[in-house]
Amino acid sequence: MPFHSKTTTRGYLWQEQLQVDNGLLNNGCFLDALGVVPHVFLLFSTFPILFIGWGSQSSKVHIHHSTWLHFPGHNFRWLLTIVLLFVLVCEIAEGIVSDGFNQSRHLHLYMPAGLGILAAITSIVYYHNIETSNFPKLLIALLIYWTLAFITKTIKFVKYDDHGIGLRELRFCITGLLALLYGLLLGVEVNVILRRRYMWFPCPTEVKPPDDLQDLGVRFLQPFVNLLSKSTYWWMNTFITSAHKRPIDLKTIGKLPISMRALTNFQRLRKAFDAQAEKGPVPLKGSRWIWLALRQAFGRPLVLSITFRFIADLLGFVGPLCISGIVHHISSDNHSVKLLGVHFISSEAFLANAYVLAVLLFLALLLQRTFLQASYYVAIETGIKLRAAIQTKIYHKIMRLCTSNMSMGDMTTAQICSLVARDTNHLMWFFFLCPNLWAMPVQIVMGVLLLYSLLGVSALIGATVIVVLAPLQYFVATRLSRAQKSTLEHTGERLKKTNELLRGIKLLKLYAWEHIFRSSVEETRRQELRNLRTFALYTSLSIFMNAAVPIAAVLTIFAVHVHMHSATDFDLSPAVAFGSLSLFHILVTPLFLLSSVLHSTVKALIVNGYFTWTQGCPTLTNIDIKVPFGQLTMIVGQEGCGKSSLLLAALGEMHKISGNITWNSILTACVFRKRGSVAYASQRPWLLNATVEENILFDMVPNEKRYKEVIEVCQLQPDIDTLPQGDQTVIGERGIILSGGQRQRISVARALYQQTNVVFLDDPFSALDIHLSDHLMHEGILKLLRQEKRTVVLVTHKLQYLPHADWIIAMRDGTVQTQGTLKDIQCAEPELFEQWRTLMNRQDKNTTELKRKSFRRPMYSTDTLATEDEDEESSTSTDEDSLRAELRHRTTIPWSSFATYLRAAGLLLLPLLVLSQLSKHSLMVAIDFWLAHWTSRVIACCCAVLLSQDCEFSHSSYLQVFCGLCALGIVLCLVTSLAVEWTGLRVSRELHCSLLRTIVLAPMRLFETTPLGNILNRFSADTNTIDQHIPVTLECLSRSTLLCVSAVGVISYVTPLFLIALLPLAVACYFIQKYFRVASRDLQQLEDSTEMPLLSHYSQTIEGLTTIRAFRHEQRFKKKLLEHTDANNISSLFLMAANRWLEVRMEYIGAFVVLIAAVASISNALCSQLSAGLVGLGLTYALMVSNYLNWIVRNLADMEVQLGCVKRVSGLIHTQPENYDGLMTPAQVPAGWPKYGEIQIKNLSVRYDSSLKPVLRHINSHIRPGQKVGICGRTGSGKSSFSLALFRMLDTIEGNRIIDGIDIAKLPLQTLRSKFSIILQDPILFSGTIRFNLDPERKATDQMLWEALEIAQLMPVVKALPGGLDAMVTEGGENFSQGQRQLFCLARAFVRKSSILIMDEATASIDMATESILQKVVMTAFADRTVVTIAVSPCTSLNYTIQSYTAGVFSSGPRGPLSCRVLLQTASDFLVTLKTLISWFRCV
């Protein structure tokens, strides 16, 4: 095939193929054959080496990942190779198209390019194995290959130029590009060799793998893999498929790479903040400096994400242009020019070929989707890094937070957890959507310009419609943000009330107030639902506008286009119509994201208000004290006098207005930073959600001897023996599985175990009985701590211990009343000393050391413990079967939960939802079919006119039908969006109402066996998912599914051959979604499960802030936070990578769908079997399939996880409620019952649950009207169970409880409980006014309330508060001391004035002076009423024994584990029984 000189006639035909008259280099066949030589060389030389390299990889490099990419120019090489492959594909296409004009086939036009593709793929695989195996000497093969390829292509390019072939011919351009690419690849190879001194250099540069690749725990490999694996997430294949075999856990996903860890990003953010601070003073308000710091720290990857998004958006416009070109040129002839014996085609002619456009569309889709997913990945990864940095910064801020802010309600735990959980996520998602802020204007402008090129002025009018509706879209978005913000406020208030209801559910049931608090929660829920209704309305409008705006714009454009042209104009061709339609589908994206971006922006701006916290100023005045070194100092005083505040001030926890604090004789200006570690046990025990041992050791070095000694001192061994795993039992959040006394002793044990010089104990005896208190005092404080000569500061109400004190500080009204030794105070304050002596004499001073054996009721039944071994054996044998069953369960969709959700929607909304969705999508397909029919008729009439045939055609009839269909489609869009949101609202209302009703009526056993956090999560996270997430997911899933079915149906109708190719694609989709759904669900659950410990760590830190800072363990807790944050972030990153893995594959399958549909449509059209309008219709639908496939699988996975919330809520709803009904109606109960307060117990046996053993057996007792009865006994002996039995809180086995002649089993439960009063050991106050806490029923007058406060010694305190009775009580009553809270509970009982009062260890947390006053008040204010007092201390119960001559002791006896002995019946028995009681308490 000879080349001829420039003077040769251009139309010269082929001569004999072997003619070489003008030299070999002027022969086309020879040049093409010469270009094959480098490819053949590489293929034959590298195949053996590839296998050798793979086999030797592990022996050369000591890393576990084959991802060590260390050669210079790695990414540039991959980019050049990808571009090279694209150019070679173009060369093949150009050769095939050119060869189509020849009378015979000429393989040399495209066969060398085919070998070039094979060689390019081989080169990159060969290079990858050399790099990961670290065999640089083998680069010699690539160096030779690039050199030969560059030379051969350069020769060919020069010869083309010599023969007059220029830029107009596509083959000339392709040859030049190939020469350039081979030259650049040669340069990359030389650069690697020279920089690393490889091959012929004697001493190559040594390189070391990064630390991450040497760490076996790092399994997130996205930053380390090659460019192809990065873009396709190929490295995730093994991870995704393995999830189908075994559930994913934290061990599976491993650790984060160093660059992604929270510490690394926190340091980056801190440097950015420091840099901003150096530029000028940091403003107290305003967010600009924060955004500048964020931009400096995380701006670069965001710019990269924006760049990728720009490229993806520009490539996205290739699709509509290719569709327009295919439809336009489907019947056009391609032209070529015959130069020097071979056909050369121009670029214009090449791009006019329909098959070329189909391949180009396929490649453009692949690249567009790849860049789009890369943009998403970089943005989300940056957002996750930002979230970790901000969460860490917030935690560091918490460590410097003044505790007065918490106690005064300035900053609550819920607010901080909300800041960490919600607002940081808003910032993360804002970073994810940030590239859209830059991409949307470009998309809109480009779309309008391309529409103008297709439709002219009418496109501008259509764009005007979009611009006019944009402010309305913005209005809807802003209203949506406001509605959600308002909804969040009401949600927070509802959760606050629900939390208080759950925490105080025992008190509410005992007082029959559960319906009052339920009504309060329901009222808040109604306000929340009103806001949710507004939110749903604007969400519906947003969905409606996103669907309706493109329809309205298309309708406007076509109507104007037809109107502006003559009635018989044929300008509206299928190419124009469906090209425009595809462009409008692209414009839907920025319109849809507008509201989301604005919404996220508003949320992100909220975060900035929380970076500065104010400091409160609790007041202690005229404090001038000293604490002697190595001695015992006691701080005493009445409730609320400032004892605990004095300890906090010494620890630096209070804002110091003036004065100084001296530690170890070193005057420091900042106590918080200079003092040493202090072993501190707070008044309210603070425990970690960890094992008993970990709580006691508190990160100290284990010392078995000391550990056992501390356990013995605190009498914890009997309690540990009852736990299922002993001291390795996890005690739950706030020690939920332990009693109050057990929590207190573990807190004290922690302080005793520490080797600090100073020990602060804040009222450690408040929750302990007299035996435990004396044992802890003598063995722990007086013996253990004194032997070690440690400085001990003890706050206590137990005045009997004052003689043991080396130094005493008496507090009163926030100041020091007196201080000194007991003898000093006796001389200086004789009246105070006499008062103390009187109170001290009330306690038996001769109580000796107690060798105590605990008979506490086990927290786990003996039946359960006995069967543990059997369960373990059976579980071992069925472990594999359980795993298989679990794996099967993980692969199935929870249809039962979906049915529960739909049933809650009702019979009206559900059919409306289904019918509206089906009607809407059927109508959308009808609109597009009508458009195809319309434009096809235009083409048919155009052809008839060209053939001089008569053709009567008018646009008006077609336009009228088109307008009607579009109008009906817009209406159905509105109906569908409203139906989805209103269905979600109804389901939310029904499920929450049922859940709240069930919880309020549930027996106490549910709350004793179910962690409070689990129940609260049903009302918070699960309800929020049902409220706001499931409706959106359901709408998106149904829309995506119907659109995908519509698209497949349309394509199959247009080209039936597509069904043949659909089968393998459907199989691929099935397996991809099957593996993805399992992995996605596991990762979502793992993300949620790792978020809970993170939030729990924040709440634990806030609650124990004083203890943490006292022990100087800030760094340990900061390190723990980093571990929790990294665990949550690695879950988020894997979930995000799994989503990208899915989307890339679905997008690629969608690209294949487009390619197959295009090729089949073109082939049918060329055979005159298909109209151009249907070709455009099929391709338009095919272009959207990938998006639909993505959203189907994603939303299906999301729906599975979200339906888990429905399943959990539904499971709780089916809880069996208490029996509130009785044989008598409330009207049948006598008025004023019980009038006398006579209680008769006959052979009573009760249990906590039908599956448990009795806690009281055969109890008989008779309490006469007005008696004051004391019930005493050790912990777990059944005292509190006796009181609960009177309220029917326990399951009755047999016996009767008769009060004033009526068996209480016949009474309605609400009526029964409303007639009694009870004071529990743990004081419970609710947020609200003091008036509300005393009288939620609003039955008492102000005079009655003040009288109750006066009786409880609280009148001066309340009068001093602003508002008096209307003064606010913060959450949990944190603005009052522990003792004051108990006094409020006493006042609450006095307000009711029932004839029967039960006091369940009500004086455990108050000082002895106040207790003495209260006992006198009970004897006077309740002189004519029956009072049952439960106490572990004989002093309290004996006081009532003297008055009433009746006492009961619960203990182990011949009648069973728990029985009752009535000791007193007459006054003459008193002295004998008094001795019996004291003897019993000493010996039992």
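Every residue meeting the side-chain contact (heavy atoms from CB on, under 4.5 Å) condition with Glu523, not counting sequence neighbours, appears here in chain and number order: Arg526, Gln527, Arg530. With sequence neighbours left out, the side chain to side chain donor-acceptor pair (under 3.5 Å) criterion links Tyr680 to no other residue. In this view, Arg743 and Pro685, Leu687, Leu738 satisfy the side-chain contact (heavy atoms from CB on, under 4.5 Å) rule, not counting sequence neighbours.
For the side chain to side chain donor-acceptor pair (under 3.5 Å) criterion with Asp762, the lone passing option out of Ser747, Ser644, Ser682 is Ser644.
Between the side chain of Ser520 and the backbone N or O of Ile516, no donor-acceptor pair lies under 3.5 Å. At least one donor-acceptor pair closer than 3.5 Å links the side chain of Arg1392 to the backbone N or O of Tyr511. Between the side chain of Thr1426 and the backbone N or O of Gly1266 there is at least one donor-acceptor pair closer than 3.5 Å. With hydrogens and angles disregarded, no donor-acceptor distance shorter than 3.5 Å links the side chain of Asp806 to the backbone of Gln631. No donor-acceptor pair closer than 3.5 Å links the side chain of Arg750 to the backbone N or O of Ala681. In this structure a side-chain-to-backbone donor-acceptor pair under 3.5 Å is missing from Asn499 to Lys496. Looking at Ser1394, its side chain does come within 3.5 Å of a backbone N or O of Ser1317 through a donor-acceptor pair. A distance-only check finds no donor-acceptor pair linking the side chain of Trp836 to the backbone of Gln826 [under 3.5 Å]. In this structure, the side chain of Lys497 does not engage the main chain of Arg518 through any donor-acceptor pair within 3.5 Å. Looking at Lys643, its side chain does come within 3.5 Å of a backbone N or O of Gly637 through a donor-acceptor pair.
Residues Phe1384 and Phe1332 place their aromatic rings such that the two centres sit no closer than 6.0 Å.
Side-chain contact between Asp824 and Gln819: absent, with no pair of heavy atoms (C-beta onward) separated by less than 4.5 Å. By the 4.5 Å heavy-atom criterion applied to side chains, Ile781 and Met634 are not counted as neighbours. Side-chain contact between Ile625 and Thr633 is absent, with no heavy-atom pair separated by less than 4.5 Å. Arg525 is listed as a side-chain neighbour of Glu528, based on a closest heavy-atom distance under 4.5 Å. Contact of the Trp686 side chain with the Ile1108 side chain is registered, since non-hydrogen atoms from C-beta on lie closer than 4.5 Å.
Salt-bridge check for Glu1103 with Arg684: failed, with every basic side-chain N at 4.0 Å or more from each acidic carboxylate O.
Between the side chains of Tyr395 and Thr1101, at least one donor N or O sits under 3.5 Å from an acceptor N or O.
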